[in-house]
Amino acid sequence: YQCDWSSDVCSSDLIDHINYYTSSTWAKNLLSQLSKSSNKTHMFECLLGQQKPHRDIVQQLYTHSLFKDQIIFTYFKQDLNSGMWDDKYNPHTLGHSLTGDLFLLNGEEARISAMLPVDIYNRSYYSIVAETTASNEYNQYTEKVAKPILAHRPFVAFCGQYYLRNLRDLGFKTFHPIIDESYDSVENIHLRFKLAWQQVELLCQHDPELIY
């Protein structure tokens with residue numbers, strides 16, 4: 001796990017300096033609303049945030065995919081109005097221009113970026129994780145991956161090289177051999193993402209109950 005700890009880019013924890021999901025009522029309520037239904041409308045959700053070059057690659061893969069109709073996709077780039085949000089926790093409804101803004105929810109500290117998108121998760125089986133950075137020099141683990149972990153959702157990672165290997169080194173389990181995660185070791189980002197997207201499309205073709 002390579003990181004310059006003096007750099008701001010590596011300063012965030014998996015969710016925040018406060019573990020909302022063990023300490024906050026709103027967060028525990030979100031967890032309780034997750035559905036175990038096997039009758040969901042989509043295979044994947046792909047909720048891309050601010051514009052990043054590696055997210056542009058994911059968008060291109062999605063655009064040319066034969067399985068677009070099985071993926072809940074949004075990419076708000078520089079305009080939050082273009083994003084997809086759970087109705088109760090829309091940044092504009094709450095009066096915020098940034099998903100990371102700190103605010104009080106029923107007297108408890110909260111951030112939009114830390115909130116599980118329950119409505120979207122309840123309509124899909126898997127997540128596409130496109131981290132804040134996709135550098136091969138270090139890996140950054142943020143709420144992007146923490147949320148599917150908290151929700152017990154398999155995910156495919158569009159991140160830097162060895163993102164999954166180093167996540168396992170931190171003590172987490174990933175999904176090989178159910179998902180072929182050999183893409184994680186590929187140095188070239190375009191090839192790595194192409195191989196990762198192949199796993200997205202393979203999962204779209206299999207019974208999610210069997211995969212789970």
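Neither Val186 nor Leu202 shares a network with the other; the hydrophobic side chains, linked directly or stepwise wherever heavy atoms of I, L, V, M, F, W or Y lie under 4.5 Å apart, form separate groups for each.
Under the 3.5 Å distance criterion, the side-chain polar atoms of Thr41 are matched with a main-chain donor or acceptor of Arg123. The main-chain N or O of Ser185 is found under 3.5 Å from a side-chain atom of Gln161 such that the two form a donor-acceptor pair. Of the possible donor and acceptor atoms, none in the side chain of Asn166 sits under 3.5 Å from a partner among the backbone N and O of Asp169. Within the 3.5 Å criterion, the main-chain N or O of Ala114 finds a donor-acceptor partner in the side chain of Tyr21. Within the 3.5 Å criterion, the main-chain N or O of Leu61 finds no donor-acceptor partner in the side chain of Ser65. In this structure, Asp56 contributes its side chain and Gln51 its backbone to no donor-acceptor pair below 3.5 Å. Side chain of Asn106 to main chain of Thr25: no donor-acceptor pair is present (N/O by atom type, distance under 3.5 Å, no hydrogens or angles).
Considering only residues two or more places apart in sequence or on other chains, Glu181 meets the salt bridge (charged side-chain N to carboxylate O under 4.0 Å, His left out) condition with Arg168. Under the rule for a ring-ring contact (aromatic ring centres under 6.0 Å, His included), the partners of Tyr62 that lie at least two apart in sequence or sit in another chain are Phe73. Considering only residues two or more places apart in sequence or on other chains, Phe193 meets the ring-ring contact (aromatic ring centres under 6.0 Å, His included) condition with Phe158. Qualifying side-chain hydrogen bond (donor to acceptor under 3.5 Å, both in side chains) partners for Glu131, counting only residues two or more places apart in sequence or in other chains: Thr142, Tyr163.
Among all heavy-atom pairs drawn from Gln50 and Arg55, the shortest one is O-NH1, 2.9 Å. Of all heavy-atom pairs spanning His54 and Ala134, the tightest one is CG-CB, 3.5 Å. Closest heavy-atom contact between Met115 and Ala110: CE-CB, 3.9 Å. Closest heavy-atom contact between Met43 and Pro208: CE-CD, 3.7 Å. Here the closest non-hydrogen pair linking Ser37 and Tyr125 is O-CE2, 4.2 Å. Of all non-hydrogen atoms in Ile179 and Pro154, the two that sit nearest each other are CD1-CB, 4.5 Å.
Expressed to the nearest 0.5 Å, how far OG of Ser182 lies from NE2 of His176 amounts to 7.5 Å. With rounding to the nearest 0.5 angstrom, the CD1 atom of Ile71 is 7.0 Å from the CZ atom of Phe44. Interatomic distance, NZ of Lys147 versus OG of Ser127, reported as 9.5 Å (0.5 Å rounding). Note that NE2 of His206 and CD1 of Ile211 are 6.0 Å apart. Values are rounded to the nearest 0.5 Å. One distance of note links CG of Asp180 with CG of Leu203; it measures 10.5 Å at 0.5 Å rounding.
With contacts defined as side-chain heavy-atom distances shorter than 4.5 Å, the pair Lys52/Thr132 qualifies. Between Phe155 and Leu164, some side-chain heavy-atom pair lies under the 4.5 Å cut-off. A heavy-atom distance below 4.5 Å is found between the side chains of Val129 and Pro148. A 4.5 Å side-chain heavy-atom check between Arg192 and Ile189 finds at least one atom pair inside the cut-off. Ile128 places none of its side-chain heavy atoms less than 4.5 Å from the side chain of Glu45. Between Tyr20 and Glu109 there is a side-chain heavy-atom pair separated by less than 4.5 Å. At a threshold of 4.5 Å between non-hydrogen side-chain atoms, the residues Tyr126 and Val156 do not count as touching.
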>> As a quick check of understanding, evaluate side chain to side chain contact (heavy atoms under 4.5 Å, CB included) for Phe172 and Val145, giving each step before the final call.
In response: CA-CA 11 Å; Phe172 294 88; Val145 69; over 6 Å; no
>> Go through it in stages, so that I can follow the logic: the residues are Phe76 and Leu48, the test is side chain to side chain contact (heavy atoms under 4.5 Å, CB included), and I'd like the CA-CA distance, side-chain angles, deciding distance and then a yes or no.
In response: CA-CA 7 Å; Phe76 70 70; Leu48 303 181; over 6 Å; no
> Please walk me through it: do Ser113 and Glu143 pass side chain to side chain donor-acceptor pair (under 3.5 Å)?
Replying inline: CA-CA 7 Å; Ser113 59; Glu143 83 285 352; 4.8 Å; no
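Annotation for Phe67: hydrophobic cluster partners, listed by chain and number, are Leu66 (ILVMFWY side-chain heavy atoms under 4.5 Å, direct or chained). The hydrophobic cluster of Tyr162 has no other members, since no ILVMFWY side-chain heavy atom comes under 4.5 Å of it.
Note that Arg153 lies in the cation-pi zone of Tyr121, set by a 6.0 Å cut-off to the ring centre and a 45° limit from the axis.
Glu187 CD: 12 or fewer foreign heavy atoms inside a 6.0 Å radius. Heavy-atom contacts from other residues, nucleotides or ligands closer than 6.0 Å to NZ of Lys40 number more than 12.
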